[in-house]
Amino acid sequence: MLHFDTGVATIPIYYSFYRLPNHILYMQPYIFTEIEQKWQNKWKQQKSVTADRSLTTNHLPKYYILNMFPYPSGSGLHVGHYMGYVASDILSRYYKHSGYHVMNPMGFDAFGLPAEQHAIQTGQHPAVTTAKNIEKYIVQLKQIALDFDWDKSVNTSEPEYYKWTQWIFLEMFNSWYNTATQKAAPIHALIQEFIDHGNTKVQAACDDHTPIFSAKEWNAFSETEKQVQLLHYRLAYLKDSMVNWCEALGTVLANEEVKDGFSERGGYPVTRKKMKQWSLRMTAYAERLLIDLDRLDWPLSTKEMQRNWLGKSQGAEITFRVQGQKGETITVFTTRPETIFGVCFIALAPEHPWVRAMANQTGDTALIAYIEQSKNRSDRSRLAETTFLSGLFVGTCVIHPFTGAPLPIWVADYVLPRYGRGAIMGVPAHDKRDYIFAQSFDLLTFPVIESTFLMEDGPYEAAEGKMINSDFLNGLSVPEAAEKVMQKLIQNKIGQYKVNYRLQDPIFSRQRYWGEPFPIYYKEDGLPYGLSQDQLPLLLPPVSSYRPNPSGAPPLANAFHWSTPEGYPLDLHTMPGWAGSSWYFLRYMDPHNGETLLSKEKEAYWKGVDFYIGGAEHATGHLLYARFWTKLLYDLGHIHINEPFPKLLHQGIIQKFTAIVYRLKDENVLVSAGLIAQYDVVPIYIPTAFVKKDVLDLEALKSWRSEFADARFLLEEGKYICGKKMEKMSKSKYNVVDPDGVIAQYGADALRLYLMFLGPLEQSKPWDLCGIEGVFRFLNKVWRFVHHAKALWTPNHLPSNQEMVKIIHQTTKNVTESIKKCSFNTAISSLMIGLNRLSTFEKVTQSVVEDFILLLEPFAPYIAAELWESIGKTGSITEVSFPIWNETYLAEKSFEYRIAVNGKLRTKMVFDYNASPMAIKEAVLVHEVIQKWTAGKVIKNVVVVANKMVNVVLE
RNA sequence: GCGGAUGUGGCGGAAUUGGUAGACGCGCUAGACUUAGGAUCUAGUACUGAAAAGUGUGGGGGUUCGAGUCCCUCCAUCCGCACCA
């Protein structure tokens with residue numbers, strides 16, 4: 001046994017000297033640590049493993065492959081992160097070998113809350129921690145030979161990058177959405193329109209209660225009034241928004257960051273508060289975002305998620321007159337206008353303007369209390385009730401537009417203010433929530449569609465059947481009735497068709513420090529104005545504290561003299577995490593351009609991302625925002641790409657068993673997994689290292705954390721059995737696998753191979769280190785194979801062995817086709833099969849060995865580079881063309897048919913590749929095995945499928 | 001509840017898209033070379049059965065000469081949206 005001190009760990013290398021021929025005896029073993037170190041150093045001198053080709057190589061076809069860039073967190077990468085990166089690296093290397101000009105960049109989504117939290121705790125500037133983390137990431141990425149071109153990297157937190165994020169924001173601020181042309185346009189075109197016609201004719205996406213003004217009125221407006229009106233149209237606009245305010249974090253949280261009234265991060269209480277926030281008029285794009293999904297080569301599930309998120313629903317708005325209040329009306333949105341005769345009440349969101357007006361007017365304390373109470377309930381909890389819905393009768397009625405009957409107006413918080421008009425018509429007979437509400441308050445329920453349902457059974461929600469109890473709709477089918485009632489509503493000017501989207505304009509400002517400052521200042525009128533382009537980037541200022549200002553203002557209020565040179569105060573908000581990531585794929589094409597965000601020439605060459613790889617968890621966030629920004633920049637003529645990611649693949653997540661102990665709810669007693677049914681327990685994740693074959697090492701746990709030191713244990717047969725669950729690798733669940741340890745033990749090539757060999761890229765799969773032995777053995781085998789072949793070959797003088805040629809061509813074909821399908825697990829399997837078969841030959845020709853190393857290179861670049869050099873090649877292997885197979889070598893002369901009788905396989909027979917079906921049939925029928933099965937039976941049919949199989953069918 | 005996906009040996013997974021189910025790898029069993037084996041090589045390894053043979057791709061049904069693959073239905077698991085009027 002020899003020991004090689006690798007510097008990382010002492011690894012025993014086993015191999016035997018006996019029995020081997022001399023040349024093998026002196027063959028150096030596969031010491032991956034040395035090899036990988038050697039090539040890493042070599043490649044360090046180069047920008048990229050294959051030097052970047054300049055745009056002068058325009059004749060080359062391009063391939064732009066992209067990974068979602070990571071947030072550089074302090075905990076570094078775990079093996080799961082590598083999944084997508086390795087896949088893209090394989091593709092990138094393959095396309096380079098195939099003559100493409102490949103771009104496979106990597107960068108950092110570097111603004112984010114963790115660095116800011118760290119800054120708050122330690123006082124260290126987030127830029128410092130971020131830079132440190134990025135450095136660590138780059139080392140980790142380089143060690144597994146990921147061929148990223150670091151010259152093209154981007155970092156969203158650097159001024160040269162966020163200058164353009166701010167620039168894009170200004171473009172949004174200075175634009176409006178023309179719904180007639182379905183395009184965004186510069187704001188000056190809108191101003192001209194106002195000068196000519198006021199806003200009476202313009203079709204634009206704007207705020208709900210934008211006042212109407214004539215050209216004359218516009219021209220008479222003061223500058224301030226004009227700006228106020230324009231703000232109703234800008235694509236980036238200020239809006240009073242109900243936001244999730246977290247006092248402890250001093251910030252506003254997105255809906256997805258709030259869980260049951262508490263912040264997801266930190267678990268602090270969250271209240272709802274009205275604040276002026278920047279919003280983006282994304283809803284203007286809802287229809288285009290929906291329609292264009294059809295053109296995308298994306299996983300179906302992700303497209304479906306985006307469709308749900310956009311949430312298009314078609315229906316009608318119907319206006320009801322309020323009884324006893326002349327001229328006052330309430331407009332509701334419904335998807336089922338045909339059920340108009342089944343309306344038993346009207347329900348309004350507590351936030352509805354009419355409700356507020358009523359409360360002010362009457363001073364009704366119960367109503368005011370109800371409005372207050374609803375304010376702090378999240379949408380989720382407001383909708384979560386299944387048995388009782390709360391509400392309050394306002395004491396007023398509306399008039400049914402057809403029957404003239406009075407319908408009570410209720411305030412109910414199951415009606416959400418931001419969906420539709422914040423008002424619904426309650427049809428308890430045909431809507432589940434309306435039904436529950438009616439049950440809760442004993443309201444009338446009145447069916448208008450014929451069904452076998454009894455009222456006691458619940459609502460009949462299906463949109464099919466014959467209309468009843470519905471005056472002029474009686475006897476019609478549901479669709480017919482819907483059409484007829486709409487005609488009538490439109491005719492009577494009390495209703496119109498309406499399309500609604502669930503999507504809302506996202507809030508775009510954060511009360512945080514570590515993000516892009518808004519290039520916005522405020523004049524005396526209190527209105528926002530954009531900085532000019534030459535004032536960008538607006539640098540993130542140093543602050544005395546990263547916490548919110550004691551006044552409650554965001555951290556930027558802690559900056560010294562945060563104002564324009566003229567002395568106007570600058571906006572105190574910063575942009576959210578997704579700002580920088582919504583357009584970064586554009587910047588990679590031209591990362592250092594100081595003049596524009598992306599030059600026309602570079603865009604014309606690269607034309608956008610060909611293949612995007614990233615996690616499915618970004619299905620509705622990042623992937624939707626990036627599509628929105630792309631369309632916006634496209635509208636304004638800055639880019640010619642309409643969709644950012646035409647082709648998308650989600651890599652699966654790596655899972656590992658977690659270890660769980662169960663503690664009694666109010667005692668420090670841990671209960672073994674088999675006994676938990678009898679107790680009230682809380683599961684707690686513990687490090688998996690403490691568990692061997694489900695049995696817990698009690699001492700390890702006790703010394704891990706003080707809280708366990710004096711814990712008592714309820715054991716099963718003297719052992720504590722842990723619970724386990726296959727879960728996504730995550731630091732908080734203590735089941736992460738650190739890549740450095742794996743690399744030290746098996747090498748980066750083995751880790752790459754293993755990650756890819758595990759299974760289909762897009763599938764989630766469990767990590768099990770045992771399996772890595774297989775690919776590690778394979779690499780050792782390759783090593784021996786090449787050295788063995790090299791020692792024995794006499795170049796160019798070996799007679800070409802047809803069988804061997806066929807094997808390498810077959811392998812080439814299988815590997816190439818698998819790579820193109822991103823089926824890397826079968827590609828590696830083909831390499832293994834190829835090697836196993838080639839190893840049976842005494843001598844192997846040099847060209848076969850060369851081809852094999854080339855086929856391996858995208859998967860295991862270190863060993864490939866080393867072997868390439870060891871067979872006497874001086875140039876870089878990455879510059880060499882990928883092998884191409886020749887079908888004529890693969891042609892078979894004969895085929896082994898499987899012969900079945902009544903579908904059951906009975907024997908196999910070899911026939912010439914071109915044998916006629918007639919001849920095959922005759923030969924099969926006289927074959928002794930077949931005769932045995934057909935003896936005494938009547939043969940009904942003999943199915944002969946050329947070069948597939950034969951089936952003899954008996955009566 | 002809705003939408004999407006998945007279900008194949010002890011395990012990870014293959015299967016030319018309707019044509020030999022279980023490639024490749026792990027694990028396991030036996031053997032070889034060995035002081036040794038956690039190196040390497042050889043053979044075997046879905047299940048039942050002594051064998052002949054039979055049974056097998058979550059369950060049930062169907063189409064077909066032929067179904068892991070297509071259709072219907074049910075079940076389980078995972079992911080997403082969650083009572084969006």
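Letters A, B, ... are given to chains in the order of the sequence lines, protein chains preceding strands, and every chain is numbered from 1. Quick caveat: nothing in here was measured; it's all calculated off a predicted structure.
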Check: Expressed as a whole number of Å, how far does the P atom of rA15(B) sit from that of rC70(B)?
Finding: 14 Å

Next item on the list: May I ask which nucleotide in the shown strands pairs with rC2(B), Watson-Crick or G-U wobble, both distances under 3.5 Å?
Entry: rG80(B)

Checklist line | Test: Arg307(A) and Glu304(A) ion pair at under 4.0 Å | finding: yes

Margin query: Need the glycosidic conformation of rU29(B): syn if within 90° of 0, anti if not. Which one?
Written below: anti

Margin query: Could you check whether Glu773(A) and Tyr746(A), counting side-chain N and O atoms only, form a donor-acceptor pair closer than 3.5 Å?
Written below: yes

Checklist line | Pairing partner of rG38(B) (Watson-Crick or G-U wobble, both distances under 3.5 Å) | finding: none

Margin query: Output the rounded distance in Å from CG (Asp434(A)) to C1' (rA85(B)).
Written below: 7 Å

Item checked: Presence of salt bridge, Asp434(A) and Lys432(A), under 4.0 angstrom -> no

Next item on the list: Send over the distance from Leu835(A) CG to rA23(B) P, rounded to a whole Å.
Entry: 18 Å

Note to self: Under 4.0 Å, counting only non-hydrogen atoms across every strand here, what does Val943(A) touch: a base, just sugar-phosphate, or nothing?
What the structure shows: base

Margin query: Is Asn836(A) close enough to rG25(B) that one of its side-chain N or O atoms is under 4.0 Å from OP1 or OP2 there?
Written below: yes

Next item on the list: Please figure out whether Gly774(A) or Asn902(A) has its closest RNA chain B nucleotide nearer the 5' end.
Entry: Gly774(A)

Note to self: Heavy atoms only, 4.0 Å cut-off, all strands: where does Pro760(A) land among base, sugar-phosphate and nothing?
What the structure shows: sugar-phosphate

Note to self: Rounding to an integer number of angstrom, what distance separates rG56(B) and rU48(B) when you compare their P atoms?
What the structure shows: 15 Å

Notebook entry, point to check: Considering heavy-atom distances to RNA chain B, does Arg421(A) or Thr620(A) have its closest nucleotide positioned more toward the 5' end?
Noted result: Thr620(A)

Notebook entry, point to check: Quick one: is rA53(B) close enough that its OP1 or OP2 comes under 4.0 Å of any side-chain N or O from Lys932(A)?
Noted result: yes

Margin query: Does a side-chain N or O of Arg307(A) approach OP1 or OP2 of rG4(B) to a distance below 4.0 Å, or not?
Written below: no

Check: Paired with rG44(B): which nucleotide, if any, by Watson-Crick or G-U wobble criteria at under 3.5 Å for both distances?
Finding: rC28(B)

Next item on the list: Decide, for rG27(B), between syn and anti: a glycosidic angle within 90° of 0 counts as syn, anything else as anti.
Entry: anti

Check: Expressed in whole Å, how much space separates the P atoms belonging to rU73(B) and rG22(B)?
Finding: 32 Å

Notebook entry, point to check: Considering only the C1' atoms, how many Å lie between rU57(B) and rG18(B), rounded to the nearest integer?
Noted result: 15 Å

Notebook entry, point to check: Which base sits across from rG66(B) as a Watson-Crick or G-U pair, both distances under 3.5 Å?
Noted result: none

Check: What is the nucleic acid contact for Gln763(A), judged by heavy atoms within less than 4.0 Å: base, sugar-phosphate only, or nothing?
Finding: sugar-phosphate

Check: Distance between the C1' atoms of rC28(B) and rC11(B), in whole angstroms?
Finding: 11 Å

Notebook entry, point to check: In whole angstroms, how far is the C1' atom of rG4(B) from the CH2 atom of Trp309(A)?
Noted result: 17 Å

Next item on the list: Check the distance between rG25(B)'s C1' and Lys781(A)'s NZ and give it to me in whole angstrom.
Entry: 10 Å

Check: Using purine N1 to pyrimidine N3 plus N6-O4 or O6-N4 for Watson-Crick, or N1-O2 and O6-N3 for G-U wobble, each under 3.5 Å, what pairs with rG7(B)?
Finding: rC75(B)

Notebook entry, point to check: With rounding to whole Å, what would you report as the distance between rA5(B) and rA23(B) at their P atoms?
Noted result: 28 Å

Margin query: If I pick the P atom on rA51(B) and the same atom on rU45(B), what distance separates them, to the nearest angstrom?
Written below: 13 Å

Notebook entry, point to check: Quick one: which of rC24(B), rG19(B), rA15(B) gets closest to the side chain of Val945(A)?
Noted result: rG19(B)

Checklist line | Short side-chain N/O contact to rG13(B) OP1/OP2 from Ser829(A), under 4.0 Å | finding: no

Margin query: Just the rounded figure in Å: distance from P of rA67(B) to CG of Leu905(A).
Written below: 13 Å

Note to self: Let's test your reading of the model: under 3.5 Å, does the base of rC65(B) pair with the side chain of Asn951(A) as donor and acceptor?
What the structure shows: yes

Notebook entry, point to check: Rounded to the Å, how far apart are Asn780(A) CG and rG25(B) P?
Noted result: 14 Å

Note to self: Would you call the rings of Trp783(A) and Tyr30(A) parallel, tilted or perpendicular, taking 30° and 60° as the class edges?
What the structure shows: tilted

Item checked: Phe437(A) and Phe441(A) aromatic ring geometry - parallel, tilted or perpendicular at 30°/60° bounds -> tilted

Next item on the list: Classify the nucleic acid contact of Met305(A) as base, sugar-phosphate or nothing, counting any heavy atom under 4.0 Å across all strands shown.
Entry: sugar-phosphate

Margin query: Would you say that more than 12 heavy atoms from the other residues, nucleotides or ligands in this model lie under 6.0 Å from the CD of Glu928(A), or not?
Written below: no

Margin query: Does rA85(B) have its OP1 or OP2 closer than 4.0 Å to a side-chain nitrogen or oxygen of Arg502(A)?
Written below: no

Next item on the list: Using atom CD of Glu773(A) as one end and atom P of rG12(B) as the other, report the distance to the nearest whole Å.
Entry: 18 Å

Item checked: Salt bridge flag under 4.0 Å for residues Asp297(A) and Lys303(A) -> no

Notebook entry, point to check: Contact class for Lys904(A) vs. all strands (heavy atom < 4.0 Å): base, sugar-phosphate, or nothing?
Noted result: sugar-phosphate

Next item on the list: Would you mind reading off the distance between Ile653(A) atom CD1 and rG80(B) atom C1', rounded to a whole angstrom?
Entry: 13 Å

Notebook entry, point to check: When we call it a touch if two heavy atoms are under 4.0 Å apart, what does Asn825(A) touch: a base, just sugar-phosphate, or nothing?
Noted result: sugar-phosphate

Next item on the list: In whole angstrom, give me the gap between the C1' atoms of rG27(B) and rC75(B).
Entry: 31 Å

Next item on the list: Using a heavy-atom cut-off of under 4.0 Å over every strand shown, decide if Lys303(A) touches base, sugar-phosphate, or nothing.
Entry: nothing

Item checked: Ion pair Arg898(A)/Glu896(A), N-O distance below 4.0 Å -> no

